Structures are given as structure tokens and as C-alpha cells.
Number of protein chains: 2
Amino acid sequence: MTRVLVIDDEPQIVRALVINLKARHYEVDAAHDGATALQLAAARHPDVVVLDLGLPDMDGVEVIRGLRGWTRVPILVLSARHSSDEKVEALDAGADDYVTKPFGMDELLARLRAAVRRSEPVPGGEDEVVVDTAEFSVDLAAKKVNRGGRDVRLTPTEWHLLEVLVRNTGRLVSQKQLLQEVWGPSYGTETNYLRVYMAQLRRKLEADPAHPRHFITEPGMGYRFEK
Amino acid sequence: MTRVLVIDDEPQIVRALVINLKARHYEVDAAHDGATALQLAAARHPDVVVLDLGLPDMDGVEVIRGLRGWTRVPILVLSARHSSDEKVEALDAGADDYVTKPFGMDELLARLRAAVRRSEPVPGGEDEVVVDTAEFSVDLAAKKVNRGGRDVRLTPTEWHLLEVLVRNTGRLVSQKQLLQEVWGPSYGTETNYLRVYMAQLRRKLEADPAHPRHFITEPGMGYRFEK
DNA sequence: CGCGGCCGTCAGAGTTCCGTCAAGGACGAC
DNA sequence: GTCGTCCTTGACGGAACTCTGACGGCCGCG
């Protein structure tokens with residue numbers, strides 16, 4: 001869940017933001033002054049910060065600098081001041097966006113989404129999606145299969161088949177479903193393809209291909225992958 | 001030097017932007033319609049895009065989608081329309097910021113700086129800037145490749161291809177992804193380019209180009225860089 | 001016991017895909 | 001203009017992959 005830190009000294013604005021954010025399933029922390037804000041940010045590590053520049057205890061730009069000293073969390077500035085200089089100062093201090101009051105809630109939320117989106121890691125990036133078994137491991141993101149310390153080469157079809165099975169670990173996948181996912185919607189009945197390629201997978205991955213422990217046949221129904 | 005792509009059909013706005021940007025030592029490309037813009041973006045790989053939504057040939061939001069199909073380059077939208085819906089649509093399509101005309105040049109430039117700044121890699125962050133192998137080393141920041149103590153000369157395309165592969169060390173990168181990242185979104189199928197340039201890279205970097213150890217072919221799927 | 005359905009195995013044919021080379025064209029430097 | 005560099009394009013041999021048919025084993029059933 002995305003965590004938002006809202007910093008504003010006007011209770012009604014904080015309330016409006018909190019209600020709207022929570023309704024959209026954000027997790028929200030709120031601070032009404034700069035000191036509390038910096039503390040909360042350090043303690044809670046929000047994914048995005050909404051900051052009103054007009055705070056009672058310190059200049060909003062100081063809050064930006066305080067945050068930028070240790071984090072690159074997106075900062076969305078709210079301010080009643082329209083002057084160009086103020087905007088430039090805040091942005092150059094490290095803010096990511098600057099919205100002037102009064103603001104539309106839809107727009108603010110859209111800007112918030114944009115800020116969160118671009119700080120996300122590349123999709124299909126680092127997050128390792130690895131499935132381990134006793135004999136081998138499958139890295140779905142890197143498209144790699146490792147067995148006994150060395151990489152196993154799979155052909156596109158073999159890989160595709162393996163992927164479907166692994167994404168349904170423990171579940172029975174019908175022959176028809178496998179054929180259609182791997183070979184296309186019009187290949188619901190060519191079960192001989194399955195036999196051939198399942199044999200390849202077993203030969204490459206099973207310790208004893210004749211007595212598979214991971215690629216289980218369910219006669220007349222389909223196949224199942226088990227860790 | 002930071003490269004900016006300006007997309008606007010009003011000559012005077014383009015002129016004003018180009019003059020201001022060049023005075024601040026940006027490198028500037030300009031396009032006056034969406035089709036040209038997408039082409040230029042693919043060819044020149046700007047560090048940031050300034051996009052006017054009102055284009056003669058296509059909807060500005062379509063341009064955003066066209067870019068977002070293959071790149072995360074920051075997009076700063078200019079528009080004469082103040083409506084909240086327009087902003088939300090553009091931002092949710094993938095824009096990073098939305099400025100309404102008439103705009104102050106100072107503010108625009110500050111927002112541009114903010115957009116560029118946050119897309120920069122973490123300075124001294126965890127991402128390795130230098131990747132070493134037994135035979136050569138790649139310095140992603142300095143854009144240099146060293147082999148046996150001397151620098152290897154790479155053409156822009158060779159470098160670009162190498163960069164994509166190295167940034168995905170160990171992971172399989174599909175042919176389509178490589179083509180689109182290096183040559184642009186409309187080059188998803190010209191696999192002969194890949195064959196030619198992969199051969200160049202191997203010739204320049206592999207000890208035995210006929211039996212590559214680092215630039216691995218996965219037939220039918222793509223390529224993989226291994227340390 | 002014989003039969004049929006289902007599955008695993010094998011090997012060859014056909015097709016697709018890849019590495020390599022070389023020529024042509026665009027572009028900028030001089 | 002001339003040169004050099006780089007990108008594009010086509011062609012071809014060989015490698016890798018997919019498809020296909022045939023055969024044998026296992027099991028349940030008549």
C-alpha cells in the first residue's frame with residue numbers, strides 16, 4: 001500500500017486530504033508543523049509527501065531541504081502563493097511538483113499518482129520472482145533456470161510451457177489450457193505436442209525423468225507443477 | 001549536456017523555448033507535430049520532453065502513450081486548457097507535469113529542472129556504474145569500455161545496445177525490447193539489425209567472437225549479457 | 001487374454017532463426 | 001568535392017527449434 005505523508009497546518013485541508021486519500025486506499029500520516037513532519041518522515045518512510053509551504057514553525061523550503069538531505073521521496077508542494085519566485089525556489093530546493101491553492105482534488109490526486117508512478121522501480125525490474133525446488137530454481141523475470149549451479153537452456157516453447165505451469169504451482173492445469181496458452185487458441189487438442197515438450201522439460205530438469213517429482217501427469221486431465 | 005525535445009505547433013512558443021533553453025546550455029530538438037515528435041524521440045533519446053497538447057495531427061495524449069510504450073523519459077505537458085479532466089487524463093496517461101498557458105518561463109524552467117533532476121540516477125547510489133568481466137569493463141556513467149588496458153571505440157548504436165544489455169545483466173532481454181529501446185518503438189521486428197550489431201559488439205569485446213561467453217543468444221527469444 | 005486408450009520416448013524432416021559478409025547510402029569533417 | 005564513419009539492407013550457409021509419425025509400455029475392461 002502506498003504511504004502518504006500530509007503536512008499542513010490547516011485542519012480542514014488535512015481532513016479533506018486524509019478522507020480522499022484513505023478512500024483511495026492510501027495509508028496516510030499527517031503532521032501540522034515542520035518538525036513533526038521531518039520526524040514522521042524519518043520514522044515512517046512515506047512513498048510520497050504532500051507539503052504545505054505555510055507552516056507555523058519553519059519555512060516550507062527548509063522542510064524540503066531537510067527531507068532532501070537523506071531521501072529522494074517525491075515531494076508535492078501545496079501553496080497559496082502564486083508568485084513565480086516561490087515556485088522556482090521550492091522546485092529548486094528539491095520539490096517535485098507545485099500546486100497552488102485552491103486546488104482541485106482530482107488534479108491533486110492525479111499529480112500524486114504521477115509522482116508515485118515515476119518513483120516506482122522499473123516494472124519487470126529487480127523484483128526477483130524465483131521459484132525454488134530441491135533440484136532447480138526458476139527465475140521468471142530473468143527467464144533463467146538454474147540446476148546444480150549451472151544454467152539450463154530452454155527453447156522458447158519449453159520456457160513458455162514451464163512458465164504457465166510454474167505460475168500455477170500446485171494447481172492442475174488442463175491439457176487444453178496448456179495448449180491454448182502456449183500454442184494459441186486454436187490448438188486445444190494436439191496433446192502430442194504436450195507429451196513431447198513435457199518430456200523435454202523433464203529430461204532437462206528432473207533428477208529422474210522417468211519418475212518425475214515436479215512435473216506430475218494427471219491422466220486424462222492435465223499436468224501439475226509441484227515444488 | 002541535457003537534451004530537450006520541444007513539441008509545439010506554435011512557432012513563437014517554440015522559438016521562445018528554444019532560445020531560453022539554449023541560453024541555459026540545453027541541447028534542443030523541436031517538432032511541430034506528433035508524428036515527427038515520436039520519430040525524433042526515438043532517434044535522439046531526449047532527457048526530457050516538453051509537449052503541447054494541441055497538435056495538428058494527433059491528440060497530445062496519444063503522443064504521451066506513444067512515448068510511454070517504450071521510455072520513461074520525463075514528459076512536461078503544456079496546455080491552454082485549464083480543465084481538471086484534461087490534466088488528469090494527461091497525467092494518468094504518463095505525463096510527469098502539467099503547466100497551463102500562459103506560463104512563466106522561470107517556472108517552466110524550474111519544473112524542467114525538477115523533472116530532469118529526479119530522473120537522474122542516484123549519485124553514488126547502489127547501481128553499479130562500472131560492470132567488470134574477465135575480459136573487459138563497462139563504465140556506464142563515463143560511457144567508456146575498456147579492454148586490456150585500452151579504450152574500445154563503440155559507435156552510438158553499439159553503445160546503446162550494450163547499455164541496455166548491461167543494465168539488465170543476467171536477465172534475458174527480448175529482441176523486441178532491444179529493438180524498441182535502441183531503434184525506437186516502431187522497430188519491433190527488424191531483427192537483422194540486432195544480428196549485425198550483436199556481431200559488432202562480439203567482435204570488439206569477446207575474446208572469441210564465434211563462441212561468445214558474455215553476449216549469449218537465446219534462440220527465438222533474445223539476448224542476455226553475463227559477466 | 002486381447003484390445004483400446006493414454007502416455008512417454010525417439011528420431012528424422014521441415015522450417016525458422018542466427019551469424020557473417022559485403023555493398024550501398026546518408027552524413028559530417030576537411 | 002573527397003574522404004571516412006556509421007547505419008541500413010540483402011543474401012546465404014549453418015545451427016537451432018518445431019513438428020510429425022511411429023513404436024512400446026502401462027492400465028482398465030470386456
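Treat the numbers as computed from the prediction; the structure is a model and nothing was measured. Numbers restart at 1 for each chain; the letters A, B, ... are given by sequence-line order, proteins then strands.
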With a non-hydrogen cut-off below 4.0 angstrom, is [X] in contact with a base, only sugar-phosphate, or nothing?
X	answer
B:Arg203	nothing
B:Phe215	nothing
A:Thr217	sugar-phosphate
A:Trp159	nothing

Nucleotide [N], atom [atom2] - distance to [atom1] of [X] in whole Å:
X	N	atom1	atom2	value
B:Gln175	D:dA16	CD	C1'	13 Å
B:Tyr223	C:dC17	OH	P	12 Å
A:Glu206	C:dG8	CD	P	11 Å
B:Leu194	D:dT9	CG	C1'	15 Å

Nucleotide of [options] approaching [X] most closely (side-chain heavy atoms):
X	options	result
B:Thr157	C:dG19, D:dT8, D:dC7	D:dC7
B:Thr155	D:dC6, C:dT9, C:dC18	D:dC6
B:Ala210	C:dT20, C:dC18, D:dC19	C:dT20
B:Tyr197	C:dC18, D:dG10, D:dC7	D:dC7
A:Arg195	C:dC21, C:dC18, C:dG8	C:dG8
B:Pro156	D:dC7, D:dT9, D:dC17	D:dC7
A:Ala199	D:dT8, C:dG19, C:dT9	C:dT9
A:Val196	D:dT8, D:dG21, C:dG8	D:dG21

Hydrogens and angles aside, do B:Arg15 and B:Gln12 bring a side-chain donor and acceptor to less than 3.5 Å of each other?
no

Distance-minimising heavy-atom pair for B:Val14 and B:Asp8:
CG2-O, 3.5 Å

Decide, yes or no, whether a salt bridge links A:Arg117 with A:Glu120 under the criterion of side-chain N to carboxylate O below 4.0 Å.
no

Is any side-chain heavy atom of A:Glu135 closer than 4.5 Å to a side-chain heavy atom of A:His214?
yes

Do B:Asp92 and A:Arg113 have side chains that get closer than 4.5 Å, going by heavy atoms?
yes

Pick the closest DNA chain D nucleotide for A:Glu190 and for B:Asn192 by heavy atoms, then say which residue is nearer the 5' end.
B:Asn192

